[in-house]
Structures are given as structure tokens and as C-alpha cells.
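Take a look at the structure set out below.
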Amino acid sequence: MPMRLLFVLACCVAAHAADPTLLDRVQAASKDVATVRIPFVQEKKLAILDEPIVSKGLIEISRPLSAVRWEFTGKSILIFNAGKVRRWGAEGKEESAGKNDPGLKSFHDQMQAFLSGDWTGLKSVFDLAPDPDGAPVLTLTPKTKDIGKYINRIVLRFRDDFTAPASMTLTATAGDETVYTFGEPEVGADLPMARFSGP
Amino acid sequence: MTRDAHGQMPLWRLISIWSLIFAVLGALTVHGVRNVTTDLRAILPRNETAFAREMDFFARQGAAKLMAIEATVATTDDLDRALQHLRSLQPKLEELGLKSLSTADPHAVVKAAEIIQERVAILTTEADLEALAPELAVGPLTERLRALRVRASRPEDSFAGTFARGDVLGLTGKPALVLQSGLGGSRTDGDLLVHADERHALLVMSVPFDPSEMDRTRPLMYAIDSARDAAAQDAVTLEGIGAYRHFRENLDAVHSDLSASMPLSILLIAILLYSLIPNLRALLVMQLPAVMGMVGSIAAVVITGQALPAAILGFSAAILGVAVDYGQHMVVGLRSGHAQSMRRPLVMAFMTTATAFGVLLTSSVPGLRCIATMVIGGLSMSLVTSLFLVPRLTPVMKPTDPWLVVSRPLLRMTQRFPRANWLIAAGLTAACIPGLMRTHFNDDLRKFDGSHPETWRILGEFERRWGGEYRSSDFLVMIDRDLDHALDRVAATRRALALPPKEIELLLPSRAEQARRLEAWNSFWRKHAAPFAADLEIASRAAGVRFTAFSASLDRYRPLDAAPELTFATWADTPVGKLLAGYVAQTDDGWQVASPLGKLNKSEIRTVGATLASGPVWIASREHIGKHLVEVVQSDLMHRGLAILIAILALVFLIERDWRVVTAQLLPSLLALAWTFGFLGWCGIALTPFAVLAAAFIAGIGIDSAIFLSQNPKAETLSPVLVASITTIAGVASLIFAQHPMIAGMGRVLGVGMVFCLLACLLVTPSLTLFFRRKPAAASA
């Protein structure tokens with residue numbers, strides 16, 4: 001679920017708008033995108049650890065190839081291709097993705113949803129509130145108490161030109177926080193098949 | 001009533017009356033066939049409480065209303081294709097009313113997780129706590145926290161660190177395992193289960209109707225067939241597993257057997273009859289008793305309010321073989337101009353058969369009563385048709401018998417050397433007696449089933465692959481007004497048998513057990529809470545994690561004044577609730593609690609049965625049912641077999657008043673039975689309980705033939721006896737090749753039995769009748 005949310009919110013969002021103006025703009029800006037590469041920095045602040053864990057990475061999406069690559073630089077790579085998720089560890093060795101790993105399972109589902117354009121699950125789970133002052137910010141709060149037991153809220157900020165998300169903050173109920181800061185998106189990036197076949 | 005010049009009812013009126021009778025019986029027959037049941041309970045006895053409760057238990061068991069669809073691929077790389085095919089099939093099955101047994105609904109899963117979180121003290125067993133104690137030392141704790149740190153540090157992991165703060169020892173994980181894992185160590189993937197070998201995926205759905213509702217089962221199976229064909233194009237093997245597949249195949253087998261055997265039987269019979277009566281109209285008229293017998297047999301079952309079991313429908317073909325005899329004897333009698341003399345042997349033949357089956361009406365086995373009703377009802381209609389309709393419709397024919405070329409020399413041969421005949425009969429009897437000692441019954445219920453061998457093979461592989469947990473065949477069961485009491489007794493029995501607890505005991509403890517667990521929890525944490533907190537602090541420092549983050553865990557691991565109560569209703573609308581619904585059910589007699597035992601072998605069933613002996617908990621075993629079924633039906637038939645013999649003996653003696661005639665009429669049947677079952681025993685053919693019923697047919701037809709031959713031992717009498725016997729053999733022989741083992745078994749016994757029956761009649765009756773007639777003649781001379 002969390003991985004799904006991250007990706008859904010960070011990369012497209014468009015289909016389920018509480019604020020038609022904001023999301024229409026986002027959708028309009030991204031509808032013709034065939035390939036895109038988005039750098040990001042993930043910062044996890046966990047109560048059990050003294051220091052935050054910082055991971056840099058890239059998300060690469062190719063709609064023509066129906067493939068997604070999510071790379072945490074120097075740590076792990078997840079690739080969704082031909083309907084299946086594969087995972088490689090820091091040493092470049094493929095690990096048992098798909099076997100009893102709910103995290104990867106969520107990743108698999110959301111990748112598939114992204115490529116098919118079906119985001120129907122999101123609206124039923126979250127209330128989407130645009131910023132009252134008109135800032136390009138969307139706040140998501142769980143509609144149901146079951147999701148609310150895990151996620152307090154998600155705040156998504158878009159770039160001023162609405163072409164891509166700028167940051168996303170996921171706050172867990174116990175106060176743990178994961179922040180994604182997205183860099184400049186490279187629309188129309190050259191993403192050959194090799195990018196989606198392994199490290 | 002208007003009569004014609006001969007004092008008879010006008011033909012048009014007669015035909016109108018018979019048409020009306022046929023229409024009424026036909027309507028009843030259609031009604032009966034439409035409501036045919038495949039529920040085994042319809043043919044099994046209910047007078048034994050223990051047996052009836054086992055059958056009811058399995059009928060109630062939710063497992064019978066599950067449909068599993070398994071998709072298999074050659075390599076793990078192709079698994080997604082398997083999942084895709086199952087996912088595309090699922091909505092089609094949902095349209096038919098099926099519901100997924102999925103644990104994937106997030107609301108349901110979260111509700112279950114909440115229940116576990118709030119009641120971890122009473123969901124943790126004493127054994128769990130015993131196993132936990134060594135894990136509380138600094139060393140194991142440090143290892144645990146290091147692993148947690150690694151896991152939580154992974155960028156793609158979002159909640160491991162957060163979850164661990166409230167339950168660092170993962171005590172909620174064990175009860176929650178049932179939410180995360182499927183059969184045979186599989187993992188869940190949405191609504192699907194994926195086997196550990198990553199080559200097999202499974203969709204399990206509950207079905208809102210009984211497999212015997214064929215108007216709904218067929219569309220279900222067609223949907224699966226269609227998906228299977230599409231999957232095959234994509235190199236995915238898709239198989240439906242469950243009672244629905246077996247039911248369809250059983251019913252298809254019965255329909256196919258009947259539609260395949262009946263036309264063939266009718267054709268063979270028609271050819272044989274034409275050779276005896278080469279007149280088309282007479283031949284058609286001759287079939288009327290058979291047709292009326294067929295509809296009469298099923299109508300009799302409907303009128304008497306009995307269920308019509310599918311497997312027993314096969315008997316209608318056997319009735320056809322017997323019923324056609326009546327018309328044949330009457331038409332032959334009419335042709336030769338002595339129709340009046342046919343009435344007595346016809347009525348006598350009917351009475352002996354009706355007497356034999358009349359005894360079975362007292363049987364405690366509904367299936368036997370149903371057969372008796374069919375036979376008596378069917379043959380009654382055949383007799384009435386033969387006596388009152390056939391004579392009016394049969395045309396006048398030349399008194400020529402083409403079969404005399406066979407029957408004359410045959411009769412001469414059987415009468416020329418009577419002692420040689422008896423010697424042959426004695427020799428055959430001596431040879432068959434050891435075979436009788438070898439006669440044995442089949443007590444494997446699967447061998448009564450008409451499913452394809454391929455279906456059983458697939459089911460066997462499926463059960464092995466998924467750990468045999470898909471459908472436990474044996475259970476510990478108790479029914480009690482108080483659910484809590486039943487839960488407690490079943491769990492106690494399981495402990496007494498030294499069996500590990502299953503989900504029902506782990507996730508639904510009785511109130512007493514909840515109190516025991518809470519006491520154990522409190523006792524454990526009174527002793528360990530303080531040292532655990534100190535050791536966790538040391539371990540946290542060693543592993544590089546913040547001790548203060550685990551305050552929620554320390555708050556959880558402490559003695560409690562009370563825990564929220566856990567009942568069956570607590571788990572409603574959760575995956576655990578769905579799981580437990582397979583084990584807990586409300587019946588008219590109270591709450592039924594079942595604890596799965598997997599599949600026990602015969603010796604284990606005996607051991608468990610002996611342990612349970614007189615207690616309130618009993619064992620429900622599919623194999624036990626099969627064995628018991630054979631015992632009950634066998635015993636019923638054995639007891640009534642003797643009664644049948646005595647009744648027929650008394651009846652024939654009352655009619656004939658001469659023991660020599662009685663011997664000539666009854667001995668062939670007894671010999672035929674001894675030879676038939678002796679021969680089958682030598683061949684090592686296992687008998688089904690219902691195949692034994694063939695004995696009554698053999699005896700009945702043997703007596704019919706012997707009655708005709710003993711009353712008039714001439715070639716003119718032998719011709720119809722020969723044709724009647726051969727047509728009967730033709731009627732049942734085609735059943736030998738039936739797909740359904742029950743029907744094939746019946747065909748085998750009846751086929752062999754009828755051959756021996758004819759042989760015994762030829763060897764014994766003409767020669768014995770002649771012998772007894774000569775003696776008084778010689779004495780008077």
C-alpha cells in the first residue's frame with residue numbers, strides 16, 4: 001500500500017481529483033508523456049533510529065515498453081516488466097522478488113495500475129484536499145480507520161508549472177516520516193529496453 | 001359402460017384410457033427425472049444415529065461448496081500468465097454467484113489485525129510463551145534488533161520500523177500468519193494463492209449452491225471449461241477442482257450410459273424379437289409393456305414421495321429388459337392361439353418378482369426401497385399392459401415359430417440325458433463354491449464414483465501439492481447447545497490425542513481456555529517483564545537502535561487485569577471468520593465444532609475411534625462412511641435375502657402345491673446365483689452393495705423362465721423363454737461398458753447372472769420336469 005501510494009501520487013495522480021483545476025493541469029501536462037526519468041531523494045525518519053536514512057534514486061517510466069524502473073542508487077533496483085516485478089540488491093545480485101514480499105507485491109500492483117491508467121482504488125481510500133490558498137499542494141487523509149491506523153496523512157506538492165510532483169511527505173501514525181523530494185523530470189528520456197532488463 | 005359385440009370395450013375408448021394413463025405416468029416421470037438427486041444421502045440409511053450424523057456433517061461441511069481453480073505453468077517466469085488467467089476468470093464466476101475466499105480485502109484484514117492486537121494475551125498459548133522465554137535474553141534480542149534495523153533501513157520498506165515499536169517480539173505475528181499465508185505454505189497475491197514452487201496459482205471461491213443443482217453447476221463448469229481452453233492456448237494448464245466437477249462428470253456418465261446403452265439395448269432386443277415375431281405391428285405392440293414399465297417405475301417413485309437418485313436411474317434399463325418379456329410371452333401366446341394360458345404364468349412370474357422386491361420395501365436403506373418401488377411399480381404396469389392392452393392391439397398372425405429350429409433340438413438335448421445335465425450342474429456348482437468364498441465387497445467410495453480417472457489423478461496431485469489442507473477428509477466433531485462447551489471438549493480431545501492445535505483451537509479458544517491463557521500470560525510477564533525491559537535496553541544499545549522507541553512494546557508486555565472477550569462473532573467479516581466458518585456451524589441440534597485431522601489411515605481411525613469411544617466428541621471420516629455404507633447395505637441385503645427366499649418359496653408352494661414343481665421352478669435360480677457370484681469371486685471382481693441387488697433380478701427372471709418351462713415343457717414354450725432371456729441379456733449387457741462404475745458393476749453382475757440363469761434353466765427345469773412326470777406315470781402303470 002505505501003509503495004503504491006508513493007508512486008501513484010508522485011508520478012501521475014491525475015485521474016482522481018478533488019480539485020479539478022489542479023489535477024486537470026497536472027493531467028494535461030503529463031498526458032502526452034511517453035517516457036520520463038525523475039530523480040529523487042528519499043529521507044526516512046524513524047523513531048527507532050537516531051539518524052535519518054537518506055537514499056537517492058531514479059524513477060524511469062516507459063509507457064511504450066510498459067515498464068518501470070525504480071532505482072535506489074547503490075542500494076536496490078526494482079523493475080516492473082512484462083507484468084512481473086524483479087528485484088536486485090546492492091551487489092547487483094537478483095533477489096527473490098515476488099516471493100512472500102508484501103512490499104514488492106504492492107509495488108507490482110501499483111506499477112501495473114500506473115501503466116494501465118487505472119487508479120480507481122485511490123479515491124475510495126483517501127480524502128483529497130487541495131490547498132485553500134491555491135498553492136499546488138494536495139493533502140490526502142485516510143477515509144477509513146483501517147488505513148488511518150498506518151498512515152496519518154500524505155502531503156503532495158507539485159512543481160509550479162504542474163508538470164511533475166516536487167515532493168511528497170508520508171507521515172505514519174506513530175510519527176515516523178518518509179519524505180520524497182523530486183528533481184527535474186526528464187521528459188522524453190531515452191529509455192531503451194536494456195534499462196528494464198536488469199542493473 | 002359401452003361394449004362391442006364381443007362384450008369388449010370399444011378400441012378407441014381403450015386407447016383413450018391408456019393414452020391418458022401414459023400421459024399421467026409420463027408427466028410424473030418427467031417430473032422425477034428433472035428432480036433427480038445426486039445426494040448420496042438419498043440412498044443411504046438414517047436409522048443409525050452415528051452414521052446419519054456423519055453424513056449430515058459432511059453435507060454441512062463448507063468444503064463441499066468450494067470451487068478451486070488451479071493454474072499451472074512450466075516455469076516460474078510464466079507465473080504471471082497463470083495469475084492473469086485466474087484473474088480474468090474470477091469476474092465470470094462472480095457473475096454466477098461465486099465469492100472469493102480472499103483475505104485481500106484491506107478492511108477485513110485490518111479488522112482481524114485489530115482483534116489480534118487487542119487480544120494478543122489470549123491468542124498466545126502457553127506453548128508460545130514457553131518458546132518465547134529463551135528469546136528474551138540479551139543475545140537473541142540483539143540479533144532481533146539488528147535484523148530489524150537492516151530491514152527498516154531498506155528504502156523500499158515503509159512500515160517495519162513503525163510496527164516493531166509496538167510489538168518488538170512479534171507476538172501478534174503468529175496469529176496473524178493465517179492472514180498472510182495460504183495452503184501448503186503458499187503466499188497470497190490479491191485474491192489468489194501462489195504455491196511456494198511459483199508454478200502453481202490457486203483461486204478458491206465459495207459457491208452459493210449445492211453441486212447437485214445441475215442447472216447451476218453446468219454453467220459454472222462451462223465457464224471453467226472455457227477458461228481452461230483459453231489458458232491452454234497460452235501454455236497455462238487450468239483445472240477446476242472440487243465436488244462440482246465430480247458431480248457433473250457423474251451425472252454426465254449416467255446420462256451418457258443411459259443414452260448409449262438404451263438405443264443399443266432396444267435395437268438388439270428388436271432384432272431378436274423380430275426373429276421370433278416377424279410382424280412389425282405385433283413387435284411394436286410387444287414393446288408397450290416395456291414402455292409402460294419404464295414410466296411406471298419412475299412414476300411409482302414420484303408418487304410414493306421418494307427421492308430419485310441418479311445412480312438408481314440405471315435400473316430402469318434393467319426393468320426394460322424384464323418388462324419386455326411380458327409382452328413377448330403374451331404375443332407369442334396370442335399367435336399360437338392360447339393367450340388365456342399365458343395369464344397364469346405371467347401373473348405368477350410377476351408375483352414372484354414383486355414378492356422378492358416387496359421384501360426390500362422393508363429395508364432400512366432408502367436406495368433399496370427406491371429400487372423395490374421402481375421394480376414393483378414398473379412391472380405392475382407391464383403386467384397390466386400385457387394382460388389388457390396387448391391382446392387388443394396384437395394383429396392376428398400365422399401360428400409359425402421361426403425359433404423352433406433352435407428350441408426343438410435344444411429341448412431334446414436337455415431332456416435326452418437328464419443325469420448328464422445334473423452332473424454338469426453339480427460340477428459347475430462345485431467349481432463355483434470356492435469362488436463364493438472369494439467374493440468380496442468394495443468399500444472405497446471413490447470406486448462408486450463416475451468421475452474420470454484423470455479427474456481423480458488431478459485431485460490427488462492437487463492435494464499433495466497444497467499440503468492436503470484444501471479439504472480435510474477427517475474431523476473431530478462435537479455438537480452442543482453451548483458453543484463454548486463444544487470448543488472446550490474438542491480442544492481437550494485433541495490434546496488427549498497428542499495432536500497439535502489447529503486454527504480452530506488457536507484462534508477460537510473457549511472461555512475457559514481464554515482464562516487459562518490470560519493467567520499464563522500474566523504469570524509469564526510477572527516473572528519476565530522487568531528483566532526483559534532491562535535486557536531490551538542493553539540489546540538496543542548493542543544493535544544501534546533507540547530503546548525509548550519501544551515504550552509501546554513494554555506497555556504491551558505486562559500482566560493484564562482482563563482481556564476483551566473473544567467469540568466466534570468477534571471474527572465476523574474477517575479472513576479468520578471465513579476460515580473458522582469451515583469449522584463452526586449452527587445446526588438444529590446446536591453448535592457444531594469440527595477440528596480437522598487431515599486424512600487418517602484405517603489404523604489411525606480405529607485408534608482415534610477407540611479413544612473417543614463413549615465421549616461426546618466423535619470422528620467424522622469419509623473413509624469410515626464408505627466402509628459403514630458397505631456394511632449396512634450388505635447386512636441389510638443378507639438379512640432380506642433370506643426373507644426373499646422364504647417368501648418366494650412359500651408363494652410358489654402355495655400356488656403349485658407340489659414340492660417337485662417348486663424344485664423345478666426354484667432350483668435354477670439358486671444355482672444361477674451360486675454360479676454367478678462364484679464366477680465373479682474367481683475373477684476377483686469386487687462387488688458393490690447394489691450389485692448384490694442383481695441377485696434378486698437373476699432369481700426373479702430365473703423363476704419366470706422356470707415357471708413357463710415347468711408348466712409346459714415344450715419347444716413352443718422354450719422359444720419365447722430363449723428369446724426372453726437373450727433379450728434380457730441384451731438389455732443389461734450394454735451396461736457392462738458403462739462409464740459409471742455403479743452402472744457397469746450392475747451390468748456385469750446382471751449380464752453374467754442372466755447367462756448362468758438361462759444355462760441353469762436349460763440344464764435343470766425341462767429334464768427335472770420330465771423326470772418327475774415319468775415317475776408318477778411309471779408308478780401308476
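Order of the sequence lines fixes the chain letters, A, B, ..., with proteins taken first and strands second; residue numbering starts at 1 for each chain. The analysis underlying the following values was restricted to heavy atoms, covering all of them including side chains, and did not include hydrogens, waters or symmetry mates.
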Checking heavy-atom separations under 4.5 Å from chain B, one finds in residues 44-57 of chain A A/Lys44, A/Leu46, A/Ala47, A/Ile48, A/Leu49, A/Asp50, A/Ile53, A/Ser55
Residue B/Phe550 versus chain A: region with a heavy atom under 4.5 Å | side chain
Is the CZ atom of B/Arg199 crowded by more than 12 outside heavy atoms at less than 6.0 Å?
-> yes
Write out, in numerical order, the residues from residues 136-149 of chain B with a heavy atom short of 4.5 Å from a heavy atom in chain A.
-> B/Leu148, B/Arg149
Verify the neighbour count for atom CD of A/Glu186: are there more than 12 heavy atoms of other residues, nucleotides or ligands below 6.0 Å?
-> yes
